[in-house]
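For reference, the structure is listed below as structure tokens.
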Amino acid sequence: MDKSGSPCPAPALRRAEWWERADLGYDSDGQLRFAGRRVLDMAAHTGTPAYVYSGERISANVARLRSALATLSDPAPRLLYAMKSNRFAPVLGHLRGLGVGLDVCSPGEVRHALGCGFLETELSFTAGSLSGADYAALAGWPGVWVNADSLSALRRLAIVSPGRRIGLRINPAAGLGYAANPLVRYSGAKPTKFGVYLDRFAEALELAASLGLRIEALHCHTGCGFLTPQLTALDEVFSRVEEFLRLAPGVRRLNLGGGLGIPLTSADAPLDLAAWADLVRRHFASRGLSLEFEPGDYLVKDAGLLLTEVTQVETKGGRVFVGLNAGFNVHPEPAFYRLPLAPAPAQLREGPETTVTLAGNINEALDLWAEDIPLPPVQEGDVLCLLNAGGYGAAMSSSHCLRSEFSEHFLTVTPPFGSMPPLPVPNSILLDQANQRAWDELYRSTTEYVWGLAPLPFVADFMEEFRRALRPPSRLLDAGAGEGRNLGVLLSCGASEVHALDSSLHALNKIPAAIRAQVQCRHADMSATGFPDAFFDGVTVLDAIETLPNSTAVLAELLRILKPGGLLLCNIPGPDDGIAGTDMQAIGPNAFLYRQSYYFRFVDQHEAEALLVRAGFEVVRSCRCNWHEQAHPGFRREQHVHASQIFLVRRPASPS
């Protein structure tokens, strides 16, 4: 049926579409089904625009790729998913469950990966043009593998991470990509920004050695979306990689990047994985190298659909335009990279195909999904699916024209017939970003002190233990310091240095001048502080853990920067807290949004303690504390009561 409830008869006979497969295709009623579900049912549940991703398809793609790689090396080649392709937390969690690591390219991606449960050792970082803050963040994650992209990167890494084992990204001056598309090539005859060319490779090796860095791996990625016709070009790329290997006999690890493509049009055939694997085997199998690959599109692109609504069907200047309620702000690949998404109506209608142009709802001439393509009949209100949307869609979305309306949904196993699709899962990285923006805007919006200047009533009770924990050079940190209400208590401990850290620069700028003159302020995310390992004797994180969507990653970072035996003081409010759920929208178990932006999570004492223990802390003591708070300017107008479990925990001392 269409949206009005009228029947939509399907053609009695039709040809199969080139993209149809066992888990994606039309049934006998002309209804499009994906991952065992009717797309119209999903759209009714999720609304549009909406991305839906199939866990079963991702699993099948991983298994197929692993099968092709099985005999290439011992140990078996390592798979690292290119996170920039799709960072939706349920997708990443599913991949981790399949034993796939992550290729990351920014500190933000590292933080998100850690928040999704990945270990540092499961991450490989490759990026260029890094800032000082980027290098400082990488220094704080010693377990993350880093591939330097330039000679400059070698020099700067050596300063913050002396003696680090690293990889070096190389540029073979040869590349490939989808068809003849130059927009997805990372290397070629024209010089690109990526990696070290052969003419400076020996210089790079000598520089690294002189700086005390150990280059143990090479990394090479030359393009995206290649299929079987491009394997000849890949053969040339691999031959040039061998030239680098001959100059670096000590390298024992080789990352050949990603780039494996999928069919995007009826003219494309699936990549011949056996032929691709044979190329890898011929060039590298006899070298005793540990091999790594970083597929993005191949694993997830065809596991995702973008569901849209047809908003108009109209002839203009002799051309039929089909308008959709999504544009390049939702998925930029067709407009910016000329990579097509195949359109498929969720319900087939009777009638011949028409040549149409698919247009988005962004007020830019560039915003066209496809031009002059055949499309079955559609009407306003119909659901039109854009296939192969699982990669470089939501991850590259924007709010251009202040349009950012879309949702993401992860489909697990095929449900029983007639059951409803799963509820939306919040996108945790977007949640974290929106949360940080909201707090920063709160501090900017008022000249008053939002929380007042009186310290929390329980903090002073723990300072004697902080004093006893001080060891020269003694340092204390207030993480999530805000406007500094608790800094005076830390200053009274007599440490050589007191530091204040917050993700809001506006908050730090509001710390009273007399206190600010005595502390060292740092504007940074609590999950990537940039401080060295084992730097602090004590850390406080007060009235903050409940506001962090990435609390697991934050606690891991605080454990890292504490000295062995160092103390952490924190409070974690429970479901009985006076504001728990008040004027808040529930988004998960005990998780809420206040004013649609501020994240809160309230857990009981046992769950709070388990959170700290899982992070690696030992509980020294804990107690319960209730207290009254006055109104908070710009945040809460009423007085309220807080109820928190207070924890003093420590990083375990080093073994004797």
Measure from NZ or CZ of [X] to the centre of the six-membered ring of [Y] and say whether it is under 6.0 Å with the direction within 45° of the ring axis.
X: Arg156; Y: Tyr135; answer: no
X: Arg475; Y: Phe535; answer: yes
X: Arg651; Y: Phe536; answer: no
X: Arg96; Y: Tyr81; answer: no
X: Arg522; Y: Phe531; answer: yes

Discussion item. Ring centroids only, cut at 6.0 angstrom: are Trp439 and Phe635 within range, meaning strictly under it?
Written reply: yes

Discussion item. Between Phe410 and His94, is the ring centroid distance below 6.0 Å?
Written reply: yes

Worksheet item: Does Arg560 use its side chain to pair, donor to acceptor, with the backbone of Trp141 at less than 3.5 Å?
Response: no

Worksheet entry | Geometric class of the His632/Trp451 ring pair [parallel <30°, tilted 30-60°, perpendicular >60°] | perpendicular

Discussion item. Using 30° and 60° as the class boundaries, would you call the ring planes of Trp627 and His642 parallel, tilted or perpendicular?
Written reply: tilted

Practice prompt. List the steps and the verdict of side-chain hydrogen bond (donor to acceptor under 3.5 Å, both in side chains) for Thr308 and Asn325.
Written response: CA-CA 6 Å; Thr308 71; Asn325 68 337; 4.6 Å; no

Worksheet item: What are the two closest heavy atoms between Phe125 and Cys105, and how far apart are they?
Response: CE1-C, 3.6 Å

Worksheet entry | Check against side chain to side chain contact (heavy atoms under 4.5 Å, CB included), Asp502 and His523 | CA-CA 5 Å; Asp502 204 279; His523 176 218; over 6 Å; no

